[in-house]
Engineer: 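Here it is, the structure, as C-alpha cells.
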Amino acid sequence: AMHRAKSSQSTLYRHEQGLGPAPRVNIEQELRQGLRRNEFELFYQPRVCLRTHRLLGLEALIRWHHPEHGLLSPSEFIQAAEHSGLIVPLGYWIIDQVCHDLQVIQSHGLTEVTVASNLSFRQLQDEQFCQVMPRLLSRSGTDARMLEFELTETAVLTDPARAMKALRAVNDMGATLSLDDFGTGYSSLTHIRQFPISLLKIDRSFTQRVTLDREADSIVRSIINLAHDLQLRVVAEGVENPEQLDFLISNGCDQVQGFLFSHPRPLWETLQMIDHTLRHFAAERSGSASRS
Ligand code: C2E
Ligand code: MG
Ligand code: MG
Ligand code: MG
C-alpha cells in the first residue's frame with residue numbers, strides 16, 4: 001500500500017494499460033459502478049488545536065473499497081474522476097456523506113467539532129453547484145458553520161471567476177474555507193487573498209523537513225508569520241513526530257494534523273481513538289484532566 005500510494009502513476013492505470021484500447025473508459029465505468037454500488041467510504045483524520053490541545057475538526061479523506069484491487073487511496077482514482085467529470089457526482093456524494101457523518105459525530109457528544117472536506121476545481125465549475133449545495137445541506141438539516149472546504153491554489157485559480165462565485169456561495173452559507181497544500185503552488189498570495197479563505201494548511205513536504213533542514217525551518221516559520229500577518233489561522237499537515245510538534249508549538253503554529261495523532265481511519269475508529277488518545281494528549285499537555 002505504501003508503494004502504491006507513493007507512485008505517481010496509479011495501479012489502475014498500470015493494470016489497465018495492458019488490457020486493451022481504452023484504459024480510461026474502464027476506470028470511468030468502474031468509478032460509476034463504484035458510486036452506484038456504494039463502494040466509497042470517508043475516512044477521518046483529526047486536527048488538533050495547539051493552544052487548547054483539543055480536537056477542533058476532522059478532515060474527510062475518501063477511500064475506495066474496490067471489488068478487485070482492495071482499499072484504494074485518492075491518488076489512485078481522484079485524477080481519473082476529475083478527468084471524466086465523475087468527481088462532480090462523487091463530490092456531491094462526499095458532501096452528502098459528510099453531512100450524515102457530522103450528525104454521528106455530534107451525537108457522539110462532539111458538538112463543536114467541524115468537518116472538512118476537499119473540493120476539486122471541477123466541482124467548483126459545475127453549473128449546479130450553487131443550487132445543489134444548499135439543497136444537500138438543508139435536506140440533512142446541516143448547519144453549514146460546522147463545515148469546512150479545503151481547496152488547493154489550482155482549484156481556486158483555474159477559473160477564478162467561477163470559483164469565486166461557488167466559494168462565495170458556500171461562505172455565505174456559513175462554511176469556512178481553507179487553502180490546502182500551501183507552499184507547493186506557484187501563485188502569489190495576492191491572488192488568493194481575494195477569496196474568503198480563513199485558514200492556511202502548510203503542505204506536509206515542509207512539515208516533514210522541519211528540525212532536519214534549516215531551510216525548511218525558515219520556510220515554515222515564514223508561512224506561520226505570513227498567515228498571522230494576514231489574519232489567517234495556520235495548520236501544519238503531516239506532523240509525524242514530537243520534534244516537529246515542538247518546533248511548531250514554539251513557532252506559534254495554531255493547529256496540527258498528522259500521523260503523530262492519527263492516521264485517517266473509518267469514522268467509528270476515529271471516534272474511539274478520540275476517546276482514548278486525544279483526550280490523553282489534552283490532559284498531558286495542559287497538565288489538567290480533560291474529561292469533558
Ligand atoms: P490532502 O487534502 O492534502 O490530505 C492530506 C493527505 O496527507 C491525506 O492523504 C492524508 O492521509 C495524508 N497525511 C496526513 N497526515 C500525514 C502524515 O503525518 N504523514 C504522511 N506521510 N501523510 C499524511 P490521502 O488521504 O491519500 O489524500 C491525498 C489527497 O487526495 C488529499 O490531500 C486530497 O488532495 C485528495 N483527496 C482526498 N479525499 C478527497 C475528496 O474527498 N475529494 C477530493 N476532491 N480530493 C480528495
Ligand atoms: Mg485536504
Ligand atoms: Mg494537503
Ligand atoms: Mg494534497
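As the structure lists them, so they are numbered: ligands from 1, and atoms in each ligand from 1. Basis for what follows: all heavy atoms, side chains included, without hydrogens, waters or symmetry-related copies. Predicted model only: the values in this text are computed from it and were never measured.
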Engineer: Under 3.5 Å, is there a donor-acceptor pair linking the side chains of Glu39 and His66?
Structural biologist: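 No - no donor-acceptor pair under 3.5 Å links their side chains.
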
Engineer: Per the side-chain hydrogen bond (donor to acceptor under 3.5 Å, both in side chains) rule, what does the pair list look like for residues 153-171, sequence neighbours excluded?
Structural biologist: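 Matches after skipping sequence neighbours: Glu153-Ser187.
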
Engineer: Count I, L, V, M, F, W, Y as connected when their side-chain heavy atoms are under 4.5 Å apart, and connections chain through other members. Are Val235 and Val220 then in the same cluster?
Structural biologist: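 In one cluster: no.
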
Engineer: If you measure from atom 6 (C) of ligand 1 to every heavy atom of Glu237, His263, Arg204, which option wins on shortest distance?
Structural biologist: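 Nearest option to atom 6 (C) of ligand 1, by heavy atoms: Arg204.
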
Engineer: Are Leu271 and Val104 close enough, and set up right, to give a side-chain contact (heavy atoms from CB on, under 4.5 Å), and what steps lead you there?
Structural biologist: CA-CA 10 Å; Leu271 292 174; Val104 175; 4.1 Å; yes

Engineer: Go through the side-chain N and O atoms of Glu82 and Ser120 and say whether any donor and acceptor fall under 3.5 Å apart.
Structural biologist: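 A donor-acceptor contact under 3.5 Å links the two side chains.
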
Engineer: With respect to Ile62, determine whether any N or O atom, backbone or side chain, lies less than 3.5 Å from an N or O atom of ligand 1.
Structural biologist: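 Between Ile62 and ligand 1, an N or O pair is found under 3.5 Å apart.
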
Engineer: Any atoms of ligand 1 less than 4.0 Å from a non-hydrogen atom of Gln208? List them with their elements.
Structural biologist: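 Answer, ordered by atom number: 19 (N), 20 (C), 21 (N).
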
Engineer: Nearest N/O/S atom of Asp180 with respect to the Mg ion (ligand 2), by atom name, please.
Structural biologist: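 For Asp180, the N/O/S atom sitting closest to the Mg ion (ligand 2) is OD2.
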
Engineer: To the nearest 10°, how many degrees is the angle Asp181 OD1 to the Mg ion (ligand 3) to Glu237 OE1?
Structural biologist: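 The angle at the Mg ion (ligand 3) comes to 110°, rounded to the nearest 10°.
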
Engineer: Is the closest side-chain donor-acceptor distance between Asp101 and Gln97 under 3.5 Å?
Structural biologist: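 Distance-only check passes for Asp101 and Gln97.
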
Engineer: Can you find an N or O of Phe259 that's nearer than 3.5 Å to an N or O of ligand 1?
Structural biologist: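 Yes.
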
Engineer: So which of the N, O or S atoms of Glu59 lies nearest the Mg ion (ligand 2)?
Structural biologist: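 Answer by atom name: OE2.
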
Engineer: Ligand 1 versus Asp181, non-hydrogen atoms closer than 4.0 Å: side chain, backbone, both, neither?
Structural biologist: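 Side chain only.
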
Engineer: Taking the side chain as C-beta and beyond, is there a heavy-atom pair between Ile95 and Leu137 under 4.5 Å?
Structural biologist: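 Contact flag for Ile95/Leu137 side chains = yes.
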
Engineer: Check this for me - ligand 1, Gln257, N or O atoms closer than 3.5 angstrom, yes or no?
Structural biologist: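 No.
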
Engineer: Give the numbers and elements of all ligand 1 atoms closer than 4.0 Å to a heavy atom of Glu59.
Structural biologist: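 Per the distance check, 2 (O), 4 (O).
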
Engineer: Does Pro264 have a non-hydrogen atom less than 4.0 Å from ligand 1?
Structural biologist: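 Right, Pro264 reaches ligand 1.
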
Engineer: Are Asp96 and Arg139 close enough for a salt bridge, meaning some N to O gap below 4.0 Å?
Structural biologist: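 The answer is yes: the pair qualifies as a salt bridge.
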
Engineer: Is Asn118 close enough to the Mg ion (ligand 2) to have an N, O or S atom under 2.8 Å?
Structural biologist: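 Asn118 does place an N, O or S atom closer than 2.8 Å to the Mg ion (ligand 2).
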
Engineer: Any idea which atoms of ligand 1 are less than 4.0 Å away from a heavy-atom of Gln45?
Structural biologist: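 Matching atoms, with element in brackets: 14 (C), 15 (N).
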
Engineer: Hey, what's the ring geometry for Trp268 with His108, parallel, tilted or perpendicular (30° and 60° as the breaks)?
Structural biologist: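 It falls in the perpendicular class, over 60°.
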
Engineer: Of the backbone atoms (N, CA, C, O) and the side-chain heavy atoms from C-beta on, which set of Asp180 has a member under 4.0 Å from an atom of ligand 1: side chain, backbone, both, or neither?
Structural biologist: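 It is the side chain that touches ligand 1; the backbone stays farther off.
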
Engineer: Between Gln257 and Lys201, does any side-chain donor sit less than 3.5 Å from a side-chain acceptor?
Structural biologist: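 The criterion, which ignores hydrogens and geometry beyond distance, is satisfied for Lys201 and Gln257.
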
Engineer: Identify, by name, the N, O or S atom of Glu150 lying closest to the Mg ion (ligand 2).
Structural biologist: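 Atom name returned: OE1.
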
Engineer: Is there a donor-acceptor contact under 3.5 Å linking the side chains of Thr114 and Glu148?
Structural biologist: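 Side chains of Thr114 and Glu148: pair found under 3.5 Å.
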
Engineer: Please identify which atoms of ligand 1 are closer than 4.0 Å to at least one heavy atom of Glu240.
Structural biologist: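 Within the 4.0 Å cut-off of Glu240, ligand 1 contributes 17 (C), 18 (O), 19 (N), 20 (C), 21 (N).
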
Engineer: Taking both backbone and side-chain atoms of Glu82, is any N or O found less than 3.5 Å from an N or O belonging to ligand 1?
Structural biologist: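 No.
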
Engineer: Which residues pass the ring pair (Phe, Tyr, Trp, His ring centres under 6.0 Å) test with Phe40, not counting sequence neighbours?
Structural biologist: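 So Phe40 forms a ring pair (Phe, Tyr, Trp, His ring centres under 6.0 Å) with Trp64, Phe77.
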
Engineer: Go through ligand 1 atom by atom and flag the ones less than 4.0 Å from a non-hydrogen atom of Ser120.
Structural biologist: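 Counting from 1, the qualifying ligand atoms are 44 (N).
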
Engineer: Could a heavy atom of Arg63 be found less than 4.0 Å from some atom of ligand 1?
Structural biologist: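 It does; at least one heavy atom falls under 4.0 Å.
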
